[in-house]
Amino acid sequence: MRAVVRVRVIPVLRLYHSSSVLPSGNDEPTPDSAAAAAQNSVIIHNFINYSYQGDLPRAMETLESMQKRNIFAHSVSYSQLINCCVARRAIQHGKRIHLHVFSGGYVPKTFLINNLLNMYVKDKLLHEAQVLFDQMPQRNVISWTTMISAYAASSNVDLKRRALELLILMLRDGVTPNMFTYSSVLRACNELQLLRQIHCSINKVGLESDVYVRSALIDVYSRWGECQNALCVFCEMITGDRVVWNSIIGGFAQNSDGDQALHLYKRMKKAGFQVDQSTLTSVLSACTRLALLELGGQLHVHVLKYDQDLILNNALLDMYCKCGSLKDSDCVFSRMVDKDVVSWSTMIMGLAQNGFSRRALELFEAMKVSKIKPNHITILGVLFACSHAGLVDDGLYYFHSMKKLFGIDPGREHYGCMVDLLGRAGKLDAAVKLIHEMECEPDAVTWRALLGACRVHRNMELAAYAAKQIINHDPNDAGTYILLSNIYANSQRWDEITRVRNAMRHRGIKKEPGCSWIEVNKCVHAFILGDNSHPKITEIKKELKQIIHRLKEIGYVPDTNFVLQDLEGEQMEDSLLYHSEKLAIVFGVMSFSSGKTIRIRKNLRICGDCHIFAKLVSKIESRSIVIRDPIRYHHFEDGCCSCWDYW
DNA sequence: GTAGGGTTAG
């Protein structure tokens, strides 16, 4: 797109006196020198006019004559021309102007050098900008801010640090930062302590009401996971705009607090602010985390307004995948004109998590044909697909060839996926061997993958070893303590149980109760193990008992193997009976007409008994049930699950 | 002449 350049034709006569015509002397002009001076003036005036008109080719042609004659115009004209170069990305012309204004004893004004700095920065030529900055005889707040914002915007950590160093040098130089400086430098903050110091300085000089500064503060606090601080900055808001709202909504959405993000979204609309692509992307991401298909579907209507927005479409695609509605995600994906690596990776992972591994691998092949280069997350999706479908050979092939085929080194997460793949397939020894071969240090996630396999394949000894490793890496992982104590309970090692429980008490770790959520008529109902606060809990429990009774008639036997507690017989069965997902399923059966899919989200992985229960309910009630646990999705239909009991 | 927000895994 051709940039708009301000056109202002300045009368030649008025500008005549503002330009410098060099060389000049005190002697009386000779007729020859008078003629030359007149000619020089004409050249300069042409240059001034071309610069103001944005006629870059003619201005550059005239500049050549000026260079030959060693004559100069006022800095304003060069400044105008430099801006024209920036707008048209004509860096080569800009470099010629740079050389010209630093030759022949001409002294360019600070604002002109600032323009040159800006030109290099916009073209990401940081080195050139820094050299020029170092040469500047005088630097004002704009010179410093231009450099600081350039470094702060870099993705390189060392360059970001340079932005903070420059801020210190700027202060030492006696130059006071302004709102531009603060909103830039905040993005380079690499320490929370430093962020707090800068925040204090901003308050001290009263710049916190600037919307740019405010959105930067919210953004940085959110990035540090300090959502409450971000919210404080937001709540102090007297002045605010759409971006400030987007910053706070995005902050909560990215920090997995979908409820708060949605709450703020409602407030934003109520306050009369127009939502845009960024708002919708964050809100969709919140719906994704909370598995709110109904609300997500309503947002889809607004997304259509921005049908060319790739990031927004990717968020929509992910929402449908993560809400287990593959028909909708297929539809969005096929309609997307532009697809990037995120679109493909989202879809591959979505298919894999929903149990359509073969389709995920087929899509990966299609991606290769489309010439979009896979990244490390794409490969993770591929490995996940292999892992969850028991495709051990395919998984090993992709894992061993990822470096050669796609130039991607296997990272910790790829090893984790392979441990999972081998472990699920019962190859526990190979999984342990792989952990020992890892080039990077295994972390809690890696050991958790092994632990999951140990549970499935009932290898208690190895499970205890893996659990200890997890606790070494993540001493607050409640689930692992519980599992470890259950493993010891199984072998009746009471002394070990006491040790584990003491450690939990000592560290103040409490078991996270199982929780399931279901969206009914735009309202989310939560079911928590041991909590009877749902208004219809009595009816639900009554209905559940009736369903269990019917299931037992067709051969259902509660599977107590998955839940090892200090309970026996009927007590253990009872504890299984009220697992949150069972209550949510029954509530779904009671609330929805028979054709509607029951969709449930869980905070913990589904247990074996609830898995059998969901399969049988899907059969006797002729219902589709989708349960999303933290790892994957289970689509229950006519007594079968999409995971084929391999999870 | 210097500054802003959004998407993919576990």
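Remark: the A/D241 side chain and the B/dG4 base include a donor-acceptor N/O pair separated by less than 3.5 Å. For B/dA3, its base never sits under 3.5 Å from the side chain of A/S184 at any donor and acceptor pair. At a cut-off of 3.5 angstrom, counting only N and O atoms as typed in the model, there is no donor on one side facing an acceptor on the other between the side-chain of A/N314 and the base of B/dG6.
Picking from B/dG4, B/dT8, B/dG1 the nucleotide with the shortest atom distance to the side chain of A/S345 gives B/dT8. Counting only heavy atoms from C-beta on, A/L312 has its side chain closest to B/dG6 among B/dG4, B/dT8, B/dG6. If you check B/dT2, B/dT8, B/dA3 against the side chain of A/N375, the one that comes closest is B/dT8. In the set B/dG4, B/dG10, B/dA3, the nucleotide with an atom closest to the side chain of A/F180 is B/dA3. When the nucleotides B/dT2, B/dG4, B/dG6 are ranked by their closest atom to the side chain of A/S278, B/dG6 comes out on top. Counting only heavy atoms from C-beta on, A/V342 has its side chain closest to B/dT8 among B/dT8, B/dG6, B/dA9. Distance from the side chain of A/N115 is smallest to B/dG1 among B/dG1, B/dG6, B/dA9. Here the side chain of A/S183 is nearest to one of B/dA3, B/dG1, B/dT7, namely B/dA3. Proximity note for A/D318 (side chain, C-beta onward) versus B/dT8, B/dG6, B/dG10: the nearest is B/dT8. Taking every side-chain heavy atom of A/T281 into account, B/dG6 is the closest of B/dT8, B/dA3, B/dG6.
Atom CG in A/N313 sits roughly 18 Å away from atom P in B/dG6 (whole-Å rounding). Between A/F399 atom CZ and B/dA9 atom C1' there is a gap of 16 Å when expressed in whole angstrom units. Distance, A/K305 NZ to B/dG6 P: 20 Å, rounded to whole Å. Look at NE2 on A/H74: it is 15 Å from P on B/dG1, rounded to the nearest Å. Atom OH of A/Y221 and atom P of B/dG4 are 20 Å apart (whole Å). What separates CE of A/M119 from P of B/dT2 is a distance of 14 Å, to the nearest Å. Atom OH in A/Y633 sits about 8 Å away from atom P in B/dG10, given to the nearest Å. Between the CG atom of A/L317 and the C1' atom of B/dT8 there is a distance of 9 Å, given to the nearest Å.
Contact annotation: A/K322 reaches the phosphate of B/dA9 (side-chain N/O to OP1 or OP2, under 4.0 Å). The side chain of A/Q353 contributes no N or O atom lying less than 4.0 Å from OP1 or OP2 of B/dT8. Under 4.0 angstrom from either OP1 or OP2 of B/dT7 there lies no side-chain N or O belonging to A/Q277.
Using a 4.0 Å heavy-atom cutoff across all strands shown, A/T346 reaches sugar-phosphate atoms only and no base atom. Among the atoms of the strands shown, only primed sugar atoms or phosphate atoms (P, OP1, OP2) are found under 4.0 Å from some heavy atom of A/M349. Within 4.0 Å of A/Y182, counting heavy atoms only, lies no atom of the nucleic acid at all. At a threshold of 4.0 angstrom between heavy atoms, the contacts of A/R448 with the nucleic acid are absent. Within the 4.0 angstrom heavy-atom criterion, no nucleotide atom of any strand lies near A/T378.
No hydrogens or angles considered: a donor-acceptor pair under 3.5 Å links the side chains of A/S143 and A/N140. Between the side chains of A/Y151 and A/S184, no donor-acceptor pair is found at a separation under 3.5 Å. Between the side chains of A/S387 and A/D420, at least one donor N or O lies within less than 3.5 Å of an accepting N or O.
The aromatic ring centroids of A/W344 and A/F333 lie less than 6.0 Å from each other.
Contacts between residues 204-220 of chain A and DNA chain B, defined by a heavy-atom separation below 4.0 Å, involve A/D210, A/V211, A/Y212, A/S215, A/D219, listed by number.
The 12-atom threshold is not exceeded at NZ of A/K109, counting heavy atoms of other residues, nucleotides or ligands nearer than 6.0 Å.
Under the salt bridge (charged side-chain N to carboxylate O under 4.0 Å, His left out) criterion, A/R161 pairs with A/D158, sequence neighbours left out.
Salt-bridge check for A/D330 with A/R359: passed, with a basic side-chain N closer than 4.0 Å to an acidic carboxylate O. In summary, A/K602 and A/D629 do not engage in a salt bridge, as defined by a charged side-chain N under 4.0 Å from a carboxylate O.
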All N/O donor-acceptor pairs, side-chain side in residues 223-233 of chain A, below 3.5 Å, sequence neighbours left out:
from, atom 1, to, atom 2, distance (Å)
A/E226, OE1, A/R196, NH2, 2.8
A/E226, OE1, A/N229, ND2, 2.6

